[in-house]
Amino acid sequence: QVQLVESGGGLVQAGGSLRLSCAASGRTFSGSAMGWFRQAPGKEREFVAAISGSGDSIGYADPVKGRFTISRDNAKNTVYLQMNSLKPEDTAVYYCAANLNNRYGSVWYRQSTTYPYWGQGTQVTVSS
């Protein structure tokens with residue numbers, strides 16, 4: 001069983017930065033592909049970034065490329081999302097998700113349906 005807990009959200013002015021963390025418990029997390037998604041009020045959940053189990057393959061949604069950076073520390077069972085140059089349109093609840101297949105592989109996943117494990121989310125609010 002995997003449990004995911006996000007932290008690091010908050011209120012920030014446009015142009016500011018936040019770093020989200022996703023701490024996982026459960027032995028089977030190590031080396032799992034991980035993803036970050038977000039959901040704004042009235043909108044569907046959308047892909048933000050993902051990282052392979054090995055950490056050597058990464059993908060980003062176009063709106064966040066060049067501003068967000070996903071990384072992981074398997075020793076700490078933690079995945080991070082560094083968010084810079086934040087914009088009001090980045091306001092959303094941010095979720096991390098885990099896929100336990102292809103552990104330590106080079107595959108990352110864009111589709112939310114490929115992730116069976118989800119955290120509870122952390123609110124990010126960017127003021128203009």
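By convention here, the first residue in the shown sequence is residue 1. Source: prediction; values computed, not measured.
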Trainee: So, using side-chain hydrogen bond (donor to acceptor under 3.5 Å, both in side chains) as the criterion, who are the partners of Tyr109 when residues are at least two apart?
Mentor: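 side-chain hydrogen bond (donor to acceptor under 3.5 Å, both in side chains) list for Tyr109, sorted by chain: Asn102.
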Trainee: Search all heavy atoms of Gly8 against all heavy atoms of Leu18 and return the closest pair with its distance.
Mentor: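 The answer is O-CD2, 3.8 Å.
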Trainee: May I ask you to test the Glu6-Gln120 pair for a side-chain heavy-atom distance under 4.5 Å?
Mentor: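 The answer is yes; the side chains approach within 4.5 Å.
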Trainee: Within this structure, what is the CG-CZ distance for the pair Leu20 and Phe68, rounded to the nearest 0.5 Å?
Mentor: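 The CG atom of Leu20 sits 8.0 Å away from the CZ atom of Phe68.
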Trainee: Output yes when a side-chain donor or acceptor of Arg72 lies under 3.5 Å from a complementary backbone atom of Ser32, and no otherwise.
Mentor: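 Checked: pair present.
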Trainee: Are any non-hydrogen side-chain atoms of Ser17 and Met83 less than 4.5 angstrom apart?
Mentor: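 No, too far: nothing below the 4.5 Å cut-off.
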Trainee: Taking Ser57's backbone N and O only, do any of them form a donor-acceptor pair with Ser52's side chain (distance below 3.5 Å, no angle check)?
Mentor: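 Yes; judged by distance alone, with no hydrogens or angles, the pair exists.
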Trainee: From Ser7 OG over to Tyr94 OH, what is the distance, rounded to the nearest 0.5 angstrom?
Mentor: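 Reported value, rounded in 0.5 Å steps: 15.0 Å.
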Trainee: Using side-chain heavy atoms (C-beta onward) and a distance below 4.5 Å, is Arg67 in contact with Lys87?
Mentor: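 Yes, side chains in contact.
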Trainee: Mind checking whether Val79 and Cys96 have side chains closer than 4.5 Å, heavy atoms only?
Mentor: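 When only atoms from C-beta onward are counted, Cys96 and Val79 do not touch, as no gap falls below 4.5 Å.
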Trainee: Nearest 0.5 Å please: distance from the OG1 atom of Thr69 over to the CD1 atom of Ile58.
Mentor: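 It comes to 8.0 Å.
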Trainee: If only side-chain N and O atoms count, and only distance matters, is there a donor-acceptor pair under 3.5 Å linking Thr78 with Asp73?
Mentor: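 Checked: Asp73/Thr78 side chains show no N/O donor-acceptor pair below 3.5 Å.
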Trainee: Does some side-chain heavy atom of Tyr80 sit less than 4.5 Å from a side-chain heavy atom of Ile70?
Mentor: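 Contact flag for Ile70/Tyr80 side chains = no.
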Trainee: Only pairs at least two apart or in different chains count here, so list each ring pair (Phe, Tyr, Trp, His ring centres under 6.0 Å) that has a residue in residues 30-64.
Mentor: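 Every pair satisfying ring pair (Phe, Tyr, Trp, His ring centres under 6.0 Å) with a residue in residues 30-64: Phe37-Phe47, Phe37-Tyr115, Phe37-Trp118, Phe47-Trp108.
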Trainee: Can you list the residues that meet the side-chain contact (heavy atoms from CB on, under 4.5 Å) rule with Val126, with sequence neighbours excluded?
Mentor: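 side-chain contact (heavy atoms from CB on, under 4.5 Å) list for Val126, sorted by chain: Val12, Ala14, Leu86, Pro88, Asp90, Thr91, Val124.
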Trainee: Taking all non-hydrogen atoms of both residues, which atom of Gln123 and which atom of Ala92 are closest, and how far apart?
Mentor: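 In this case the closest contact between Gln123 and Ala92 is NE2-O, 3.4 Å.
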Trainee: Might you point out which heavy atoms bring Met34 and Ala98 nearest each other, and give the distance in Å?
Mentor: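 Of all heavy-atom pairs spanning Met34 and Ala98, the closest is SD-CB, 3.4 Å.
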Trainee: To the nearest 0.5 Å, how far apart are CZ in Arg45 and OG in Ser112?
Mentor: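 Reported value, rounded in 0.5 Å steps: 7.0 Å.
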Trainee: Main chain of Asn99, side chain of Arg103: is a donor-acceptor contact present, judged purely on distance under 3.5 Å?
Mentor: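 Pair absent, no side-chain N/O of Arg103 close to backbone of Asn99.
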Trainee: What distance do Arg38 atom CZ and Leu81 atom CG have between them, rounded to the nearest 0.5 Å?
Mentor: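 Atom-to-atom, Arg38:CZ and Leu81:CG are 9.5 Å apart.
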